[in-house]
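In what follows, a structure is listed as structure tokens, so that the remarks can point back to it.
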Amino acid sequence: MVTPIVGAGTTESRWRAWPAMTRWPLLDLPDTGVPLVVAPHPDDEILGVGGLLALLGAAEVAAVTDGEASHPESSVYTPATLAEVRRHETTNALTRLGLRDAKVHRLGHPDGGIDEATLATQLADLLSPGRWCLATWRGDGHPDHEAAGRAAAAACAATGAILLEYPIWTWHWAEPDDDRVPWHRARRIELPPKVQAAKAHAVAAFRSQITALGPEPGDAPVLPPHVLARFARPAEVVFQ
Ligand SMILES: [Zn+2]
């Protein structure tokens with residue numbers, strides 16, 4: 001199911017007014033192990049589970065694409081330059097989260113054209129029984145996010161790793177009580193104020209996505225304030 005991502009989407013104030021948001025069970029945090037985070041594009045890992053990574057104090061990132069297609073009409077950046085900028089932003093964001101030593105596996109898939117079968121094999125090589133694999137939800141509505149989620153699910157099934165799925169664009173197109181979303185699998189991660197601040201600092205590292213690259217419409221930010229608001233909550237949500 002790929003859901004078109006259009007318009008301004010569901011406002012953060014509507015989500016915050018939904019009582020379920022504070023009632024889902026808390027995610028049990030394991031005391032050992034480095035989770036593998038699957039990021040279809042640079043920034044997904046921080047927006048979705050940056051707070052969780054900061055709490056765990058460890059992460060390894062599978063950077064599936066370099067996000068070179070975020071601004072195809074840019075008057076300033078070529079796709080190659082943008083890829084380089086975005087790779088650097090990931091590194092910077094992880095450092096800001098306190099994860100300077102986090103290993104980043106650059107898997108080099110084309111932005112917008114993930115090879116799902118290859119990705120499943122690459123992820124399986126990185127996973128092991130019982131290890132956490134955090135990936136974008138298979139129903140998230142963006143083709144790359146869904147492909148990465150499916151590949152992660154296949155890799156977890158093959159290796160015995162534990163899949164946790166994080167929504168990103170779901171918060172845009174879905175609505176409270178939306179029956180297209182597996183809310184019954186939702187688990188919350190409460191973020192203490194210090195972790196919220198670290199996550200906000202890390203999100204701000206993605207300058208190419210949150211500020212205009214230049215003067216033309218094709219340079220407009222992909223993550224304007226009303227989108228970013230959904231990732232400034234005091235809690236994160238994963239589907240277990
Ligand atoms: Zn993405």
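Only heavy atoms go into these numbers, but all of them, side chains included; no hydrogens, no water, no symmetry mates. As the structure is a prediction and not an experimental result, all values here were calculated from the model. Numbering of ligands and ligand atoms starts at 1, following listing order.
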- request: Check the pair L56, W132 against side chain to side chain contact (heavy atoms under 4.5 Å, CB included), reporting the backbone distance first and the verdict last.
  value: CA-CA 11 Å; L56 294 173; W132 271 13; 4.1 Å; yes
task: Please report the number of protein N, O or S atoms that lie less than 2.8 Å from the Zn ion (ligand 1).
output: 4
message: For W18 together with W24, are the ring centres under 6.0 Å from each other?
response: yes
- line: residues 43-92 vs ring-ring contact (aromatic ring centres under 6.0 Å, His included), sequence neighbours excluded, gives none
task: Could you tell me whether R86 and D66 have a side-chain N and a carboxylate O separated by less than 4.0 Å?
output: no
message: Classify the ring geometry of H41 against H145: parallel below 30°, tilted from 30° to 60°, perpendicular beyond 60°.
response: tilted
query: Which is it for H105 and Q122 under the side chain to side chain donor-acceptor pair (under 3.5 Å) test, yes or no, and what are the steps along the way?
result: CA-CA 10 Å; H105 303 272; Q122 290 171 318; over 6 Å; no
